[in-house]
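Just below is one structure, and these are the notes that go with it.
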Amino acid sequence: AAEEPEVEEEIAEEAETEAVAPAPSAPKHEKDFYPYILIGAGTASFAAMEAIREKDPNAAILIIGNEDIGPYMRPPLSKEMWFNKDEESTEKLSFKDWQGKERNVELQGKEKIETIDQETLEKIESVESGVKQLKGVEVTNLSVADQTVTLNNGKVLKYGKVLLATGGVPKTLPVLQGAGADKVTTFRSVEDFKKLHALVKSSNKKIVIIGGGFLGSELAVAVSHYGKDKGVKVTQVFPEDGNMGLVFPRYLSKWTTSQVEQEGVVVKANSRVASTKPAGDQVEVTLESGEKIVADHIVVAVGIEPNVELAKKAGLELDEVRGGVVANAELQARQNVYCAGDMTSFHDVTLGRRRVEHYDNAILGGRVAGQNMAADKLHKPYQHQSMFWSDLGPHIGYEAVGILDSKLSTVSIWTKKPTPEETPAVAAEKEEGKRERATATPLPAEAVKVEDKEKYSKGLVLYLKDKKIVGLLMWNNFGKVEDARKILGQVYDTEKVEALVKPFGIHEE
Ligand code: FAD
Ligand code: NAD
Ligand code: NAD
């Protein structure tokens, strides 16, 4: 599913052909000078680090992150981690991936990352080849003119090339202040996961999740599933008509909501929080409709603000429309300053200026930034289209490329009568805990009206802008990302739609 094997191979091959053999004696650098400094120890920095070392095996890289953990994946925190039945392995931040393989959220690759503290950093007299990481350290200043970064203890380091990959900060709502800080959490990090997991583990907790986007919807399903036999009750509140209402066309968002409800979530669509106040050990949430919900905890998932504080202070150009730092197609913001991941507004040569908040974009963009940082002259544009995917309960799984915005006009093509092999059921849990893609589990009859069931089991939604196809959503239809990439940017023509959708195996009977 998802990211095609061909693409992984393509990237691996590219790495092989471009890799430079290590020099017999790697160069050493003067005290406090690092040829490569990566700010933020997230997904994008990790990918950039690997790409730099592939191109320049002698590279001395310093990663600086303000979390107390090495680079890790966030996607499992709202999905797989909640489906892992083995609490001991959950404690270790492990989970079973979609192929049933035991994994850990910490990103692991070929490179050894040596963790150092600020004291050790101070003692390094000459900087040698290798990857070092400062954990729990904030970069407070970036000077483009001096090519320096300043750490929270005042220490100044000089860089050759710097990567800004500072991700995003979850937003919150002023109306939640009434609840008291200990009753409200945003959800972004491993620490946030641990906190919510510990809370839900004890019985009969009532959780209110605010937000109907990617995170709110995934978390509502995951927490409800995890807490089913613990008496946990999840209520999800958001202003749109249905789950993923800003992303999916209206009918599909409605259908998705019915599936989220099937997982036991009480969905309050078309709803906003009017006020919150403590109620004994709990909190009372009043909706604008006047309805009151008493809960043990509130999780806010109302989007992120790209983290541009450092960039702003450094005088980098910011994108007033999309948020984030403005970079060119080569992911360069200024001379020797590169950007990748959630906080980057880049020029997509196919679809125009964009900012993308997904994992694969952090990986692919991070790689391109890293390759360009290590390149002598020729910079390559970031033009490989990233993808994203999500599962929402046992009957909905999707993958997508390009721009998915429910405000765009869409054309949807659905399989009318799915064969058993085509029925949705994506992440059907097997006894041994293995989650399988595309196994045939027919929808329960009560899940959805008969005509809807036939309509929305397997399909393709095309998102159009100025007659061009700018986004593709593959619904319960896996392994088609490469085909979708080929179609992105093409002019939409009703006459040719049949030929267009042929690779997607959607046939009307
Ligand atoms: P991050 O991973 O956020 O890393 C940035 C790091 O920089 C952070 O650790 C931050 O603390 C640190 N930092 C910031 N400023 C400083 C500073 N001044 N000094 C030092 N350190 C600093 N995407 C998908 O495509 N699919 C999914 O299924 C999916 N699921 C998700 C689930 C959850 C729970 C969350 C939160 C996100 C999910 N995403 C998913 C989004 C995906 O995780 C992000 O797009 C990705 O993490 C972006 O990577 P990044 O490197 O840009 O930023
Ligand atoms: P990986 O090591 O990059 O990913 C490990 C974990 O990260 C996954 O289990 C998942 O939780 C998360 N993840 C990875 N890519 C993601 C994406 N694009 N969107 C959301 N979450 C993502 O990669 P891997 O596990 O070795 O998988 C190889 C490829 O298969 C990846 O490129 C990934 O895109 C894809 N994949 C697909 C699915 C799916 O379709 N359900 C699940 C996991 C991974
Ligand atoms: P989002 O941008 O996907 O959704 C924001 C949601 O906030 C909206 O759908 C809306 O329902 C809600 N909202 C806005 N104002 C509100 C208000 N006043 N009251 C109630 N609700 C309000 O952001 P998110 O869902 O918070 O996700 C956080 C980040 O994590 C995003 O960058 C997202 O892309 C990423 N993420 C991605 C995946 C995936 O790709 N599968 C999964 C989880 C998280």
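Atoms within a ligand are numbered from 1 in the order they appear, just like the ligands themselves. Values in this document were obtained by computation on a predicted structure and should not be read as measured data. For the single chain, residues carry numbers from 1 onward in sequence order.
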Looking at K79, which atoms of ligand 1 are within less than 4.0 Å of one of its heavy atoms?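 By the 4.0 Å cutoff, the relevant atoms are 27 (C), 28 (O), 29 (C), 30 (N).
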
Taking distance alone, with no angle check, do [X] and ligand 1 share an N/O pair under 3.5 Å?
X	value
T43	yes
A44	yes
N66	yes
V139	yes

Please report the C-alpha distance between F193 and W82 in whole Å, then the side-chain angles of each, then the deciding distance to 0.1 Å, and finally whether the ring-ring contact (aromatic ring centres under 6.0 Å, His included) criterion is met. CA-CA 10 Å; F193 166 78; W82 298 92; 5.2 Å; yes

Ligand 3 versus R272: contacting region, heavy-atom distance under 4.0 Å: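 Within the 4.0 Å criterion, R272 contacts ligand 3 through side-chain atoms alone.
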
Using 0.5 Å steps for rounding, measure from the CG atom of L199 to the NE2 atom of H297.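 The distance works out to 6.0 Å.
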
Show me the side-chain donor-acceptor pairs of residues 166-179 shorter than 3.5 Å, one per line, residues at least two apart or across chains.
{"unit_1": "T166", "atom_1": "OG1", "unit_2": "N307", "atom_2": "O", "d": "2.7"}

Could you tell me which residues satisfy side-chain contact (heavy atoms from CB on, under 4.5 Å) with D405, sequence neighbours excluded, listed by chain and number?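 For D405, the residues satisfying side-chain contact (heavy atoms from CB on, under 4.5 Å) (neighbours in sequence not counted) are I403, K407, L408.
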
Does ligand 3 have an atom that lies less than 4.0 angstrom from a heavy atom of F187?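 It does not; every heavy atom stays at 4.0 Å or beyond.
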
May I ask you to list the atoms of ligand 3 that are less than 4.0 angstrom from any heavy atom of G216?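 Under 4.0 Å from G216, ligand 3 has these atoms: 25 (O).
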
Looking at F238, which atoms of ligand 3 are within less than 4.0 Å of one of its heavy atoms?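 Atoms satisfying the 4.0 Å criterion: 11 (O).
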
